[in-house]
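By convention here, the first residue in the shown sequence is residue 1.
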Amino acid sequence: MNVRRSISTSAVAGAAVLGLVSLSACSGASTGAEKDKDGKLDVVASFYPLQFLAEQIGGDKVSVSTLTRPGVEPHDLELKPRQIAGLQDAGFILYLKGLQPAVDQAVAQAKVKNTVDAATLTSLEAHGADEKDTAHEDGAHAEESPEAHDDHGAHEGEAHAEESHAGEAHAAESEEPGGHDHAHEGGDPHVWLDPVKYAEVAKGVGAGLAKADPDNAAAYEKNTDELVKKLGALDTAFRDGLKNTATRTFITSHTAFGHLAERYGLDQEGIAGLDPESEPSPARIKELQEIARKEKVTTVFFETLASDRTARTLAKDTGLKTDVLDPLEGITERSKGADYLEVMRANLAALQKALGAK
C-alpha cells in the first residue's frame, strides 16, 4: 500500500490568505506580461496536463502552446534549439520541475519573469521508489502500512478541507527557476492524476495568470472556479466509484498512479518505477505474480505512450487480463477521451472493472 502522508498546512496557512503567486523575485512591480499580436497572453506549457489547465483557465485571453507534441513520451522529451530559443519570448511559462529534465534546463536558461513551477503548487509525496529500485536490484516488496490504510477514510474529509487553499498557498512559495530550493525534488510528479491535487495546481495557475495579466484577472478567477468545480465532481465520482471493491490492488506498467492510489485507498504495484522505460528484474516479475495471486488481481494495466511488452508478458504468464490505464501525459487518437476529464472518467471505469467495484 502506498504509505499515507498527512498533508500539513500550518506552514502555508499564512500564505494562503494572500492568495498570490510569487512568480519571480522581481515580479511584484510588473504591470502585466507581454501579449501577442492579438492581445492574448502567450502561454507555453511543458506538456498536456499543464496545457489543459492553461487552456481551461486562460480561455480566450491566452494563446497556449506546448513543448511536448501529442504522442511523445514526456519523460524522454528532447527540445529543439528553436523551442529553447522561443521560450525567451513567452509571456508565461508553466512547467513541472523534475518531470522533464530538458525542460527544467531550458526554463532555467530562459529566465522568463512570469514562470510557474506546478510542483510548487501542491505537495509531492514519494511513490514508486521501491518499484524503481527493485527493477534492477532484488525485487523486495515495500510493506503496506496498516495504520495508513485504516486511517484513510477518517482523514479523507480532513484532506479536502486542508487542501482547499493549498494551490494558492504553495503558489506564494514559487520563485524564479533556479532560485527556489525545491523541497519536492525526489517526490512523485504525477500530481494531475489526483483530482484534488490537480485542483490545487489549477488554483495556483489561475492566480499566476491573474498576476501576469491583471487586466483579465476576473476572467481567470471565474474560469478557475468553474474548473475546480469540475475536478471536485470528478473526485466525488472516484471516491464513490471505488468505495467498495473486491480487491484494492492493481498492477500497472508505469508507477504513475501513486497519488491517485493514495487518495482513494488503493495499492498500486508497478512493473517499472517512475521511469516508464525502466526494466523490471526477474525477481520483481516473480513477486508481482505472487501479489496477483494473493490479492486476487484480475488485470495488468499498460499505457498508450510507452511499450506494453512487459505488461502483456506478465499478464499472459499469470493468466490475467490487460487494459489501458492512461497516465494522461498526452492526448492521441488512442486516448479514451478528447480531454483530461473524459480520459480520467475512462480510467475510473477501467479501475472499477479491474477491481470488481460493487
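Summarising the geometry of Gly270 relative to Thr255, their closest heavy-atom pair is CA-OG1, 3.4 Å, with the distance given to 0.1 Å. Thr245 approaches Ala357 most closely through the heavy-atom pair CG2-CA, 3.8 Å. Nearest heavy atom pair, residue Val103 against residue Ser46, reads CG1-CB, 3.9 Å. When every heavy atom of Leu96 is checked against every heavy atom of Ala119, the shortest pair comes out as CD2-CB, 3.9 Å. Here the shortest heavy-atom pairing between Ala118 and Leu94 reads CB-CD1, 4.5 Å. Scanning both residues, Leu87 and Ala110, for their nearest heavy atoms gives CB-CB, 3.9 Å.
In this structure, Thr249 and Leu266 have side chains that are not in contact, with every pair of non-hydrogen atoms separated by 4.5 Å or more. Taking 4.5 Å as the limit, some side-chain heavy atom of Pro280 sits within range of a side-chain heavy atom of Thr310. Glu329 has its side chain out of reach of Pro49: every pair of non-hydrogen atoms, C-beta onward, lies at least 4.5 Å apart. Glu269 has its side chain out of reach of Phe250: every pair of non-hydrogen atoms, C-beta onward, lies at least 4.5 Å apart. Residues Asp339 and Val343 have side chains not in contact (no heavy-atom distance under 4.5 Å, counting atoms from C-beta outward). Proximity of Thr322 to Asp308: side-chain heavy atoms (C-beta onward) are nowhere separated by under 4.5 Å. At least one side-chain heavy atom of Asp235 sits under 4.5 Å from a side-chain heavy atom of Val196. Ile93 is not listed as a side-chain neighbour of Val116, based on a closest heavy-atom distance of 4.5 Å or more.
Side-chain atoms of Glu342 come within 3.5 Å of backbone atoms of Ala338 as a donor-acceptor pair (strictly under, hydrogens ignored). Side chain of Gln83 to main chain of Leu67: a donor-acceptor pair is present (N/O by atom type, distance under 3.5 Å, no hydrogens or angles). Of the possible polar contacts, none joining the Glu55 side chain to the Phe52 backbone as a donor-acceptor pair under 3.5 Å is found. Distance alone, capped at 3.5 Å, is enough to place a donor-acceptor pair between the Thr120 side chain and the Asp117 backbone. Of the possible polar contacts, none joining the Glu303 side chain to the Pro327 backbone as a donor-acceptor pair under 3.5 Å is found.
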Could you walk me through whether Leu348 and Met344 pass side-chain contact (heavy atoms from CB on, under 4.5 Å), step by step? CA-CA 6 Å; Leu348 171 57; Met344 281 296 285; over 6 Å; no

With side-chain contact (heavy atoms from CB on, under 4.5 Å) as the test, would you mind laying out the steps for Asn223 and Gln56 before giving the verdict? CA-CA 7 Å; Asn223 293 343; Gln56 293 291 306; over 6 Å; no

Passes side-chain hydrogen bond (donor to acceptor under 3.5 Å, both in side chains), Gln100 versus Thr68? Steps please. CA-CA 10 Å; Gln100 300 171 286; Thr68 307; 3.0 Å; yes

Begin from the C-alpha positions of Thr66 and Arg69 and carry the test side-chain hydrogen bond (donor to acceptor under 3.5 Å, both in side chains) through to its verdict. CA-CA 7 Å; Thr66 179; Arg69 299 190 314 275; over 6 Å; no

Might you work through the salt bridge (Lys or Arg N to Asp or Glu O under 4.0 Å) test for Asp194 and Arg263, ending with a clear yes or no? CA-CA 7 Å; Asp194 173 355; Arg263 176 67 56 192; 2.9 Å; yes

With side-chain contact (heavy atoms from CB on, under 4.5 Å) as the test, would you mind laying out the steps for Asp326 and Lys336 before giving the verdict? CA-CA 8 Å; Asp326 197 330; Lys336 295 184 177 181; over 6 Å; no

As a quick check of understanding, evaluate side-chain contact (heavy atoms from CB on, under 4.5 Å) for Tyr220 and Val62, giving each step before the final call. CA-CA 10 Å; Tyr220 299 138; Val62 301; 3.7 Å; yes

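Residue Asp60 holds its CG atom at 8.0 Å from CG of Asn216, rounded to the nearest 0.5 Å. The distance from atom CZ of Phe238 to atom CG of Asn347, rounded to the nearest 0.5 Å, is 6.0 Å. Separating the CD atom in Gln352 from the NZ atom in Lys358 is a distance of 13.5 Å, to the nearest 0.5 Å. In this structure, the separation between CG on Leu314 and OG1 on Thr318 is 4.0 Å, given to the nearest 0.5 Å. A distance of 8.0 Å separates CD1 in Ile285 from OG1 in Thr313, rounded to the nearest 0.5 Å. One finds the CG atom of Asp267 at 7.5 Å from the CD1 atom of Ile291 (value rounded to the nearest 0.5 Å).
Taking the six-membered ring for Trp and thresholds of 30 and 60 degrees, His190 and His254 have ring planes more than 60 degrees apart, a perpendicular arrangement.
Taking the charged nitrogens against the carboxylate oxygens, Lys197 and Glu125 do have a contact shorter than 4.0 Å, which makes a salt bridge. Classification of Asp38 and Lys61 as a salt-bridged pair fails, no side-chain N sitting under 4.0 Å from a carboxylate O. In summary, Glu287 and Arg284 engage in a salt bridge, as defined by a charged side-chain N under 4.0 Å from a carboxylate O.
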Please table the atom pairs, donor to acceptor, closer than 3.5 Å between any side-chain atom in residues 294-301 and protein atoms at least two apart or in another chain.
residue: Thr298; atom: OG1; partner: Ala354; partner atom: O; Å: 2.7

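In this structure, Arg239 fails the cation-pi test against Tyr264, since its NZ or CZ atom is not both closer than 6.0 Å to the six-membered ring centre and inside 45 degrees of the ring normal.
Taking hydrophobic clusters as Ile, Leu, Val, Met, Phe, Trp and Tyr residues chained together by side-chain heavy-atom distances below 4.5 Å, Phe302 does not share a cluster with Leu320. Two different hydrophobic clusters hold Val324 and Leu328 under the rule that ILVMFWY side chains link at heavy-atom gaps under 4.5 Å. Leu341 and Val228 fall into different hydrophobic clusters, where Ile, Leu, Val, Met, Phe, Trp and Tyr are joined by side-chain heavy atoms under 4.5 Å apart, directly or via other members.
Applying the salt bridge (charged side-chain N to carboxylate O under 4.0 Å, His left out) rule to pairs touching residues 222-233 yields Lys222-Glu226, sequence neighbours excluded.
Trp192 pairs in a ring-ring contact (aromatic ring centres under 6.0 Å, His included) with only one of the listed residues (Tyr48, Tyr198, Phe47), which is Phe47.
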